[in-house]
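These notes concern the structure reproduced below.
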There are 2 protein chains.
Amino acid sequence: MISGWEDIRAEVLRRIRVRDWPPGALIPTEEDLAAEFGVARATVNRALRELAGAGVLERRRKAGTRVAALPVRKATLDIPVIRQEVEARGQVHGFRLLERVEGVPPVPVTSRMGLAPGTRILWLETLHLADGRPFVHEGRWLNPAVLPVPLPDFAAVSANEWLVAHVAYATGDIAFAAEGAGPREAAVLGVAEGTALFITERMTWTAEAPITYVRLAHAPGYRLQTMV
Amino acid sequence: MISGWEDIRAEVLRRIRVRDWPPGALIPTEEDLAAEFGVARATVNRALRELAGAGVLERRRKAGTRVAALPVRKATLDIPVIRQEVEARGQVHGFRLLERVEGVPPVPVTSRMGLAPGTRILWLETLHLADGRPFVHEGRWLNPAVLPVPLPDFAAVSANEWLVAHVAYATGDIAFAAEGAGPREAAVLGVAEGTALFITERMTWTAEAPITYVRLAHAPGYRLQTMV
DNA sequence: GCGGCTAATATGTGCAGACATAATAGCCTA
DNA sequence: TAGGCTATTATGTCTGCACATATTAGCCGC
């Protein structure tokens, strides 16, 4: 017996998968489906809206709902705090603050952060450990102009966790790439120079000003995984 | 004037960002908010549900809704078909089928696909081009047992696009990693051996049987980007 | 036949009310 | 005091109705 929007979502997905409704096909209207399943239109709407959000359906007013021809798979990733990530593997998290200085970031960073050239901001370099072994090398530029004072001792509290607890973040973007280890990363992570490393880059903003730019270089073997 | 669930979502987000409601804090109940904004509870529910889905709020029955203390950023990635990805850059997509043979995949692949050891399946090796230059090296194991016959000429039509159009996919998972280029990848992509490459691995299943396992090795410079 | 206006239509969103469900807080008993 | 049961409560979901909005199909005039 079908009832509830999750049942309807499952049934619609089943019909798409067994090709009752092949890619590109127009499916019945919400009203028709509601009548067929014996539920209210709002319930069908909820189910179809979810499937459209997942990229399985394409909906347009008046035009109707059709099965996505080239399903742009929308994968959702959980980007946890590093400590949680390590602990989720059953390992013990630790970190060492390697450097804390003020300076002028390189041009690509200033431009991406939208800072005036020559602005001096805070640089933190941290090595995260899992069970005592190098896990991630973190390089972070922090804009002190938007931070509450006093700043903590970043050797005792991870910058990431202090920020989420004390700064009103707004938006950001994340990028992933693969790069060969530079001399500094190689030395800190204990790998040969040029070793392929998984890189995560994050920019965070308040409504107006940049908060922080982070570059994470993950130790070899790191994988970012998703379920679709 | 606030009305409509998107306005409410924005207002709640604003209060979180300006720390009216700091991380970990309990926010008013749906009923209270509905009264405050002069809307129906369903409207508030829609707004709060969206924010919970984005990882900004945590909701539990009876316990109420609280601002996520460690916001597990949920990033959504669009995983398009390679042709679309190339065309979105304003480049011309092309591809060359390098190899098509039947064989027994290596053990890690058979086990991940859940195939009996020794099963012979189809292997396709393809090089995707953007404006004529190497873009992605694709290695693909295909389970012919679940494919409709006749199989097409994969030199003329990309395996990926033929599959989405002709096979009832069901689920899959995606993983990203960084690896040094092997001899084959280096030769095909025109880079030095050991060059850091961005790797995408995809497994696709019908309800019961594995369909395909793909490994994509992206040419240097590739970035996977997200907006949060 | 062509261009533009209009009416029809499917989805988007809203409301008020209802019942379901999970999880806590507090009570009651041993 | 500890343990378990129960009432309470906030969210989860559903219904039936209504109106808004985008977009298409078709009509109409030229």
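Proteins get letters first, then strands, A, B, ... in listed order; numbering begins at 1 in each. Since the model is a prediction, treat every value here as computed from it, not as a measurement.
Ranked by how close their nearest DNA chain D nucleotide is to the 5' end, R59(B) and A40(A) are led by R59(B). Nearer to the 5' terminus of DNA chain D, by closest-nucleotide assignment, is the contact made by G64(B) (compared with the other of G4(A) and G64(B)).
If you check dT9(C), dA23(C), dT15(D) against the side chain of K62(A), the one that comes closest is dT9(C).
Separating the CZ atom of F37(A) from the C1' atom of dC14(D) is a distance of 16 Å, rounded to the nearest angstrom. One interatomic measurement links the two molecules: CD of E31(A) to P of dT9(C), which rounds to 11 Å at whole-angstrom precision. One can place CD of E6(A) at 13 Å from P of dT21(C), the figure rounded to the nearest angstrom. Regarding E58(B), its CD atom lies at a distance of 14 Å from the P atom of dT11(D), rounded to whole Å. At whole-Å resolution of the value, CD in E30(B) and P in dG12(D) are 6 Å apart. Per the geometry, CZ belonging to R60(B) stands 14 Å off P belonging to dA10(D), to the nearest Å. Between D32(A) atom CG and dT9(C) atom P there is a gap of 13 Å when expressed in whole angstrom units. Between the CG atom of L48(B) and the P atom of dT13(D) there is a distance of 13 Å, given to the nearest Å.
Contact between the side-chain N/O atoms of R41(B) and the OP1/OP2 oxygens of dC15(C) is not found at any separation under 4.0 Å. Between T65(B) and dT11(D) there is a side-chain polar atom (N or O) within less than 4.0 angstrom of OP1 or OP2. For T43(B) and dT13(C), the shortest distance from a side-chain N or O to OP1 or OP2 is not below 4.0 Å. Within the 4.0 Å cut-off from OP1 or OP2 of dT13(C), not a single side-chain nitrogen or oxygen of N45(A) is found. OP1 or OP2 of dT24(C) has not a single side-chain nitrogen or oxygen of R61(B) nearer than 4.0 Å.
Residues R100(A) and D153(A) are not paired through a salt bridge, judged by the lack of any N-O separation under 4.0 Å between the basic side chain and the carboxylate. With salt bridges taken as basic N to acidic carboxylate O contacts below 4.0 Å, none links R89(B) and E85(B).
E161(A) pairs with exactly one of H166(A), Q84(A), R83(A) by the side chain to side chain donor-acceptor pair (under 3.5 Å) rule, that one being R83(A).
Rounding to the nearest 0.5 angstrom, the gap separating the CZ atom in F198(B) from the CD atom in E179(B) is 11.0 Å.
In terms of modelled atom types and a separation under 3.5 Å, the side chain of D131(A) and the main chain of V92(A) share a donor-acceptor contact.
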